[in-house]
Amino acid sequence: MYRYDQYDQAIVDARVAEFKDQVARRLRNEITEDQFKPLRLMNGLYLQLHAYMLRVAIPYGTLSGTQMRMLAHIARKYDRDYGHFTTRQNIQYNWIKLEQFADLLDDLSKVEMHAFQTSGNCIRNISSDQFAGAAADEVADPRPYAELLRQWSTLHPEFSFLPRKFKIAVIASDTDRAAIQLHDIGLQLRKNDAGELGFRVYVGGGMGRTPIIGQVVRDWIPVGQFLSYSEAILRVYNRYGRRDNIYKARIKILVTELGIEEFTAQVEAEWALLEPLGLDAPQAEYDRIIAQFAPPEFDPAASDELDLSDPDFRLWVEQNVHAHKQPGYAIATISLKPRAGIPGDASSAQMDVIADLATRYAQDEIRVTHSQNLVLAHVRKSDLYAVWQALEAAELATPNLDLVTDIIACPGMDYCTLANARSIPIAQKIAAKFENDIAEQRDIGELKIKVSGCINGCGHHHAGHIGILGVDKKGEEAYQLLLGGSGAEDASLAKILGPGFDENGIVAAVDKLIAFYRTARAAPDERFLDTYRRLGPAPFKEAVYG
Amino acid sequence: MPSSLTRVLTGNRLETGDVLWWNGSDWSPHIADAVAIGDEGEALVARLVAEERINDPALIDVTGEPGAFVPTTTRERVRASGPSVRADLARGSLSTEVI
Ligand code: HEM
Ligand code: SF4
């Protein structure tokens with residue numbers, strides 16, 4: 001894992017000191033709320049329905065045990081004993097007090113963490129593949145490149161006031177576990193026939209009000225030049241992105257308005273000027289960072305055997321455990337979608353359990369997934385049973401990864417000021433229908449339900465096999481139903497199926513969709529999404545509205 | 001504004017972010033303590049904005065009687081009662097059932 005050097009720590013310390021002073025001045029009424037609000041937002045502090053909400057950055061979703069213990073401590077000391085892991089691999093706290101914020105930031109910075117660039121029109125936290133460094137199908141660990149992007153984009157003076165927020169995701173395999181085509185820039189690391197590494201660069205993807213799938217702006221940029229190339233993209237965007245209309249300000253609109261050819265031509269022209277200036281990191285810096293992500297010392301003698309005689313353990317292994325590239329090891333996903341739970345929420349006690357398991361059994365590393373789950377990426381197979389038992393005792397071993405109850409939900413109107421409707425109760429009501437019957441869930445198979453409480457789409461509803469969008473219907477909460485989205489390598493945007501519903505109506509509609517799918521699938525292993533793609537919306541519409 | 005609607009004054013305390021209601025002389029964390037606000041409301045809000053100690057002061061519509069006011073919008077009912085999905089964190093002055 002990457003450890004801060006003196007520059008990283010100095011940047012964080014300086015920023016913390018600056019913001020502590022700003023907070024103190026606000027508390028003394030020396031600056032007004034209008035002056036303070038943009039400052040607090042730049043430091044991840046929002047005012048939500050019940051209190052201040054703090055969003056802490058988790059770079060590329062990777063945490064150490066020590067960092068997770070600190071997140072638990074923060075929940076316990078400054079919040080109400082829990083936190084919410086988000087689709088952007090960050091964590092949010094819902095009950096933060098401004099008067100305690102300086103102490104909180106000090107605590108965070110002790111473990112090389114902070115909250116800046118988690119809001120505002122800057123380059124946000126870089127996201128990545130939660131299986132990075134462990135996946136059998138990756139060409140290399142993508143995180144050193146995500147870390148280079150983090151360093152490059154941290155307080156980048158030219159890109160601190162972009163037309164709008166900017167989100168970058170980096171992966172290194174053909175399987176996309178980070179929804180790169182739905183980011184402002186999506187980078188896929190690849191290897192050519194000569195064994196060299198380079199990126200395929202997608203640009204202009206995004207969700208929200210105008211969902212768009214990213215397009216390839218360059219099929220190959222050598223790894224040594226990807227920073228200057230990213231800079232060229234950001235420059236074109238910064239110069240021509242629409243600042244006149246917030247709804248048209250994202251890079252996706254610029255790419256669409258210019259067309260990908262013209263946009264590409266402009267980026268290439270900019271890059272031709274930039275590249276010779278030597279902005280890219282020197283090889284020594286690549287080497288320094290890559291060395292910090294060196295694979296842990298795996299035991300070559302680790303046994304590949306797994307005793308699956310306990311049926312509950314077997315179920316969990318089959319559903320939540322993935323193959324590791326190292327024989328004798330496995331990748332375990334911890335579901336944050338327990339029975340009657342809130343998607344993505346974890347208590348301080350649970351965070352502590354996970355931190356201790358990571359330290360003891362998983363090379364002290366934890367990952368956050370964009371589906372609001374957590375991952376222990378390097379577990380010896382011979383330790384899996386002990387890990388499972390500890391997770392089970394903490395209600396963290398629900399064997400439902402990628403199944404109908406593994407629902408993404410944004411905070412919605414239970415917490416969020418921008419919401420039109422609640423998201424979490426919808427997820428809970430849908431899950432309640434299936435959560436007592438894991439065999440039925442497995443029979444339904446992979447099904448990604450994603451719920452957002454408003455058009456901003458934080459719950460990725462446009463990328464849901466089934467997407468649900470909260471809307472306001474004459475003051476009442478109402479829900480639109482969308483089908484056919486995917487945030488994976490087969491990215492597609494979900495489309496509205498028909499008229500919306502109230503809370504109970506949307507739950508019943510999902511039930512009907514699933515029942516229809518089970519009768520209509522061509523084979524038991526045809527996914528809901530594939531059945532939908534094969535048959536089109538008409539029979540699904542008939543099943544719901546007919 | 002329909003005559004059956006009453007207005008109450010709400011906001012968030014700067015230091016803590018706590019959700020508050022105006023009880024006639026001070027702020028209370030319980031909507032049950034809120035008083036109906038008449039024509040003086042706008043002036044009150046203007047004064048609070050100028051004082052810079054309460055964030056987002058606003059007059060909101062409620063129905064019902066003093067002591068049992070219920071906001072007309074879901075958003076304000078959630079603010080008054082607490083998240084509907086965490087009964088353990090409810091403020092107690094308004095049941096999450098009304099959301
Ligand atoms: C509660 C406070 C939040 C606020 C005020 C907020 C605000 C927004 C806004 C305004 C957008 C639309 C941006 C645009 O279309 O240009 C957006 C998009 C998004 N947010 Fe949030 N959000 C919040 C919470 C969250 C949470 C909890 C998550 C993760 C679960 C999240 C993840 C995202 C994602 C993934 C998108 C869409 C991707 C994109 O930018 O295209 N946000 N958010
Ligand atoms: S989708 Fe809307 S309701 Fe949900 S968190 Fe984002 S802004 Fe809030």
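Just so it is clear, the structure is predicted and the values come from calculations on it, not from any experiment. To find a chain, count down the sequence lines: A is the first, B the second, and so on, and within it residues start at 1.
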Region of [X] that comes under 4.5 Å of a non-hydrogen atom in chain B:
| X | result |
| --- | --- |
| A:Arg26 | both |
| A:Glu476 | neither |
| A:Ile342 | side chain |
| A:Leu47 | side chain |
| A:Phe36 | neither |

Contacting moiety of [X], where chain A heavy atoms sit under 4.5 Å:
| X | answer |
| --- | --- |
| B:Glu76 | neither |
| B:Thr73 | neither |
| B:Arg86 | side chain |
| B:Asp18 | both |

With respect to chain B, which residue among A:Met413, A:Arg80, A:His50 yields the maximal number of heavy-atom pairs within a distance under 4.5 Å? A:His50
At what distance, to the nearest 0.5 angstrom, does [atom1] of [X] lie from [atom2] of [Y]?
| X | Y | atom1 | atom2 | answer |
| --- | --- | --- | --- | --- |
| A:Leu49 | B:Arg79 | CG | CZ | 7.0 Å |
| A:Gln48 | B:Asn12 | CD | CG | 10.0 Å |
| B:Glu52 | A:Arg28 | CD | CZ | 15.0 Å |
| B:Asp56 | A:Lys37 | CG | NZ | 6.5 Å |
| A:Asp414 | B:Thr96 | CG | OG1 | 9.5 Å |

Does [X], at its [atom1] atom, have more than 12 non-hydrogen atoms belonging to other residues, nucleotides or ligands within less than 6.0 Å?
| X | atom1 | value |
| --- | --- | --- |
| B:Glu97 | CD | no |
| B:Asp26 | CG | yes |
| A:Glu395 | CD | no |

So, does B:Arg53 use its side chain to make a donor-acceptor pair with the main chain of A:Leu27 at under 3.5 Å? yes
Is there a donor-acceptor pair under 3.5 Å between the side chain of A:Tyr52 and the backbone N or O of B:Glu15? no
Looking at every non-hydrogen atom in both residues, tell me the closest pair between A:Asn29 and B:Glu51 and how far apart they are. ND2-O, 3.0 Å
Applying side-chain contact (heavy atoms from CB on, under 4.5 Å) to B:Arg75 and A:Thr417, what does each step give before you reach the verdict? CA-CA 8 Å; B:Arg75 180 185 191 279; A:Thr417 46; 3.5 Å; yes
Do B:Arg13 and A:Leu98 come within less than 4.5 Å of each other through their side chains, counting heavy atoms only? no
Name the option with the most non-hydrogen atom pairs under 4.5 Å to chain A; the candidates are B:Val85, B:Asp88, B:Val78. B:Val85
